[in-house]
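Can you read through this structure? Questions will come right after.
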Amino acid sequence: MKTAIVILVCFLIPILLTICLSKKQKGLWLSFVVGMLAFVISQMVLRLPLLSIMTQQRSISLFTLKHPVLYILILAFTAGLFEETARLIGFQCIKKKHTSIYDAFAFGLGHGGIEAMLLVGIPLLSVSTDLSSVLLACGERILAIAFHVAMSIIVWYGVKEHKNYYTGLAIVLHMLLDCYAILGNQTWVIEGYILILTVIVWIVLYQTIIKRVRYENI
């Protein structure tokens with residue numbers, strides 16, 4: 001059962017949702033794949049190796065011990081900066097032929113999906129853990145994927161309207177999400193924070209960008 005839950009949430013849901021979206025518009029798999037590449041390049045190829053090299057420096061190690069909150073803020077900012085910049089570059093690369101909001105959804109599913117596969121799905125499948133931990137991790141991944149879709153829509157809209165400050169907004173929101181570490185080790189507090197922030201983002205997003213795009217397409 002635990003294996004089935006992990007496979008469903010971390011592997012199948014992003015793919016199945018993209019298949020459903022593909023019934024509305026063809027060619028979304030390119031946006032999905034570019035979204036995956038945006039995460040892999042920004043995090044696995046660039047940010048995480050750079051952080052690994054930097055934290056080996058004695059001065060930086062001491063800084064993290066003396067200023068843990070500031071260090072968390074820096075980590076959160078770099079996560080937003082790298083991922084949202086990669087999202088911007090990704091949309092710039094495909095904007096000529098892939099310009100609909102469905103492309104933004106597919107991009108976010110690819111971005112959040114590959115993160116779920118690499119950081120949660122594969123590790124959970126490689127170890128033995130209890131059902132409650134699996135459910136908690138998979139629930140958090142569902143929220144993370146939803147958040148990545150929201151950020152993709154924001155950055156996509158900025159590219160569509162030639163307004164780069166939307167990418168800046170996405171960086172700030174991404175930073176706010178990753179600041180959860182400041183809350184400590186209370187798992188349910190952290191999950192509650194992520195849930196509330198994701199819901200608020202989606203409510204505002206729907207009332208602004210999504211409704212506006214739907215109105216333009218009527």
Side-chain angles (χ1 to χ4, degrees), residues 10 34-93 107-108 110-127 129 133 136-152 154-155 158 164-198 200-201:
C10 296
V34 174
M36 294 175 69
L37 290 173
F39 174 78
V40 171
I41 294 172
S42 64
Q43 286 284 15
M44 312 304 288
V45 176
L46 296 176
R47 178 176 174 267
L48 293 180
L50 284 173
L51 287 175
S52 178
I53 293 171
M54 291 177 64
T55 51
Q56 293 176 13
Q57 304 299 316
R58 177 177 169 79
S59 58
I60 294 179
S61 297
L62 291 174
F63 176 84
T64 64
L65 294 173
K66 291 182 179 179
H67 310 283
V69 174
L70 182 56
Y71 182 62
I72 290 171
L73 291 174
I74 292 172
L75 289 179
F77 173 72
T78 58
L81 179 65
F82 275 70
E83 288 191 50
E84 303 312 323
T85 300
R87 230 185 287 265
L88 173 64
I89 294 171
F91 280 121
Q92 291 284 2
C93 291
F107 191 108
H111 192 117
I114 192 63
E115 181 184 54
M117 295 173 198
L118 295 176
L119 301 188
V120 178
I122 293 175
L124 282 179
L125 292 175
S126 303
V127 299
T129 185
S133 297
L136 192 63
C138 289
E140 188 271 338
R141 275 305 98 189
I142 291 173
L143 292 175
I145 291 171
F147 189 83
H148 279 301
V149 173
M151 295 303 100
S152 295
I154 291 173
V155 175
N164 288 335
Y165 61 80
Y166 278 95
T167 300
L169 173 61
I171 291 172
V172 172
L173 290 173
H174 198 138
M175 178 181 175
L176 286 175
L177 182 79
D178 284 355
C179 282
Y180 66 81
I182 294 175
L183 300 175
N185 298 320
Q186 297 293 326
T187 303
W188 290 106
V189 173
I190 293 172
E191 297 303 322
Y193 170 77
I194 294 173
L195 173 62
I196 291 170
L197 180 60
T198 302
I200 290 174
V201 167

On a heavy-atom basis, the closest approach of F107 and S152 is CD2-OG, 3.6 Å

Exercise: identify the closest heavy-atom pair between C10 and V120: SG-CG1, 3.9 Å

How close do T55 and I60 get, heavy atom to heavy atom, and via which atoms? CA-CG2, 4.2 Å

Would I182 and Y193 satisfy side chain to side chain contact (heavy atoms under 4.5 Å, CB included), going step by step from the backbone distance to the final call? CA-CA 11 Å; I182 294 175; Y193 170 77; over 6 Å; no

Please round to the nearest 0.5 Å and tell me the distance separating atom CD1 of I194 and atom CG of L176. 12.5 Å

Would you call the rings of F147 and H174 parallel, tilted or perpendicular if under 30° counts as parallel and over 60° as perpendicular? perpendicular

For S133, check side chain to side chain donor-acceptor pair (under 3.5 Å) against everything at least two apart and list the hits. D130

Which pair of heavy atoms, one from M117 and one from P123, lies closest together, and at what distance? O-CD, 4.2 Å

Steps toward side chain to side chain contact (heavy atoms under 4.5 Å, CB included) verdict (L173, I154): CA-CA 10 Å; L173 290 173; I154 291 173; 3.8 Å; yes

Rounded to the nearest 0.5 Å, how far does CD1 of I72 lie from SG of C179? 8.0 Å

Gap separating the CG atom of L143 from the SG atom of C138, nearest 0.5 angstrom: 11.5 Å

In the structure I gave you, are the side-chain heavy atoms of L197 and V201 within less than 4.5 Å of one another anywhere? yes

Would you compute the distance between atom OG1 of T78 and atom CD of Q43 and round it to the nearest 0.5 angstrom? 7.5 Å

L88: side chain to side chain contact (heavy atoms under 4.5 Å, CB included) partners, not counting sequence neighbours: Q92, V155, V159, N164, T167

Validation row: L51, L75 side chains within 4.5 angstrom (heavy atoms): yes

Would you say OH of Y180 has more than 12 non-hydrogen atoms from neighbouring residues, nucleotides or ligands within 6.0 angstrom? no

I190 and G184 have their tightest heavy-atom pair at CD1-O, 3.2 Å

Which atoms form the tightest heavy-atom contact between S42 and A86, and what is the distance? CB-CB, 3.6 Å

Pairwise side-chain contact, F91 with V34, heavy-atom cut-off 4.5 Å (strictly under): no

For the residue pair M175 and L73, establish whether any side-chain heavy-atom pair is separated by less than 4.5 Å. yes

With a 3.5 Å distance limit and no angle check, can you tell me whether T85 reaches the backbone of F82 through a side-chain donor-acceptor pair? no

Kindly determine whether W188 and L136 satisfy side chain to side chain contact (heavy atoms under 4.5 Å, CB included), including the steps that lead there. CA-CA 9 Å; W188 290 106; L136 192 63; 3.7 Å; yes

When rounded to the nearest 0.5 Å, the distance separating CG of L62 from CZ of R58 is 5.0 Å

Kindly state each residue pair satisfying salt bridge (Lys or Arg N to Asp or Glu O under 4.0 Å) with at least one member in residues 78-90, sequence neighbours excluded. E84-R87

Got a second to check how far I142's CD1 is from L195's CG, nearest 0.5 Å? 11.5 Å

